[in-house]
Amino acid sequence: MRVLAGIFWLGVLPLWLGCPLAWSWRRPEKGGWGIFPLEGWLSGQILLWAIFQWLSLPYIWRGKAFGDLIQIYNGIILLAALAALWPWSHIRSAVLKRWRQRPGLWPGGRPQLCLAWDSRLLLPLAVCLLFALQIYMSIFWVYQDGDDAFFVAVSAIAQESNTMYAKLPYTGGTGILDLRHGLAPFPLWVAWVAKVLDVPAALAAHSVLAPLGIAAAYGVYALLAGCLLEGEEAWKRWLFLLLIQCFVLFGDVSPYTVENFLLARSRQGKAALGSLVIPLVFFALLQLGGLWRQGSGSLRRGKKNAGATEGGAIHAGDARARDAEAWEALAKAWAGLWIFLFCLVSAACLCTTLGAFLAAALVGAGGLLIALWTRRWLPLLPLALCCAPAAFFGSIYVFFG
């Protein structure tokens, strides 16, 4: 039952919630449909983190019981899953069609079942073996660091005592709320995972979330590979993942590197920020820049078509109709990416208080580059609204922390 609960809460539910959001910015002519479920699962997980961030803080500040938060949170995400039936009814057939027609991630197309060795499988096999090694290392080889004495203890206390930041994690005595940690309740999300799986918080952190965090991080790198190497041969994307794995395996030159955080501390919020949320912000900005560039091209073609005569090669009325359809699809894609960025900034605030500054700075810098690239300043306004969670939680920390 615990395995089934883990599959539902950590697998099926994020996938169900995230696929409609990921579908909103998917272009029909774009490839990479083989990893669309991965894109949907990551989007759904970020959405769940954002909901937890906004919902948990009022309960923490008012000193409510942890069990009350779990009941409300479970009810809201299950209602969201029911609400997702409506977008799924519109995209189900299209998603299944694209999934069946996907070319796949294997070099040279999908591999056929045969006993002969195919050199095209060398890179995928190396990536899979190194990935399995890192999963094994995260469970059996990882040393415990000092932060576990605080963050895992906060999760265990919340699970066992039904309180949130009301006891000192080092001694178990009565404590007061530390706003720096209270604004970033990622350990409480770990406690929620332990609660719904009915396992101890330490087990959930070290044996469930640690390998899941590594898998999610490499899922993000796969999305970035597909985005940066769009239109290239599949073996280049596998080579990209192999190089990333080499950097991670040999990047433990300091306890504070991103590589060390990914392998040794993937159960902590800081590691989730550096290995998952920040790379997803890059992915969303790349998607947004490409779509905005496409929209600028459609606008220029629309102006050109508007001046065409009826006897010309392009009929003005048909051209305007096509441009209107293209703009409607682009507007939906932009809205989906803006919602995703809003959730990403909220998730960054959940991971650590520093995430509010880092996510907002990255979104702002990315928006400025997109504006300079497309020569249009309109993208900056919705991106500024996407940074509203960082401004809100950051101002609370500055004025009341």
Side-chain angles (χ1 to χ4, degrees), residues 17-18 20-27 39-40 42-58 76-77 80 83-84 87 183-185 220 223 227 272-273 276-296 298-299 327-400:
L17 292 175
L21 182 60
W23 174 262
S24 64
W25 65 73
R26 270 285 177 174
R27 288 171 284 173
E39 193 173 352
L42 289 170
S43 302
Q45 188 57 65
I46 294 298
L47 179 61
L48 292 177
W49 280 357
I51 295 174
F52 190 87
Q53 170 70 2
W54 285 100
L55 184 64
S56 62
L57 293 186
I76 289 178
I77 60 178
L183 285 171
V220 178
L223 294 183
C227 188
L273 174 70
L276 184 60
V277 178
I278 295 298
L280 273 177
V281 173
F282 278 105
F283 169 76
L285 290 174
L286 288 171
Q287 294 286 332
L288 186 62
L291 287 173
W292 201 265
R293 187 79 169 183
Q294 181 183 358
S296 300
S298 299
L299 181 61
W327 270 102
E328 182 180 357
L330 285 173
K332 184 180 70 172
W334 290 330
L337 282 171
W338 290 329
I339 294 173
F340 185 49
L341 276 171
F342 183 90
C343 294
L344 278 171
V345 175
S346 301
C349 298
L350 170 73
C351 294
T352 174
T353 49
L354 184 61
F357 168 75
L358 293 177
L362 181 56
V363 171
L368 183 61
L369 290 176
I370 292 175
L372 293 174
W373 181 36
T374 60
R375 298 179 182 179
R376 296 187 179 278
W377 299 98
L378 186 59
L380 293 180
L381 178 59
L383 287 179
L385 296 177
C386 292
C387 296
F392 176 72
F393 297 120
S395 61
I396 291 177
Y397 179 72
V398 169
F399 292 108
F400 300 101

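Since we're looking at a predicted model, the values are computed, not measured.
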Closest non-hydrogen atom pair, [X] against [Y]:
X      : Y      : result
Leu368 : Leu380 : N-CD2, 3.7 Å
Leu273 : Gly355 : CD2-CA, 3.7 Å
Ala390 : Cys349 : CA-SG, 3.9 Å
Gly366 : Leu285 : CA-CD1, 3.8 Å
Ala272 : Cys351 : CB-SG, 3.9 Å
Cys386 : Leu341 : SG-CB, 3.9 Å

Hey, are the side chains of [X] and [Y] touching, using non-hydrogen atoms and a 4.5 Å cut-off?
X      : Y      : answer
Leu288 : Trp25  : no
Gln53  : Trp49  : no
Phe340 : Leu21  : yes
Leu42  : Leu276 : yes

Calculate, to the nearest 0.5 Å, the distance between atoms [atom1] and [atom2] belonging to [X] and [Y] respectively.
X      : Y      : atom1 : atom2 : result
Leu369 : Leu286 : CG    : CG    : 10.5 Å
Leu291 : Lys332 : CG    : NZ    : 11.5 Å
Leu362 : Phe357 : CG    : CZ    : 10.5 Å
Leu385 : Ile339 : CG    : CD1   : 12.0 Å
Leu354 : Tyr397 : CG    : OH    : 9.5 Å
Ser346 : Ile46  : OG    : CD1   : 10.0 Å

Using 30° and 60° as the class limits, which term best fits the ring planes of Trp54 and Phe393: parallel, tilted or perpendicular?
-> tilted
Pick one: which of Thr352, Leu350, Leu57 meets side-chain contact (heavy atoms from CB on, under 4.5 Å) with Leu183?
-> Leu57
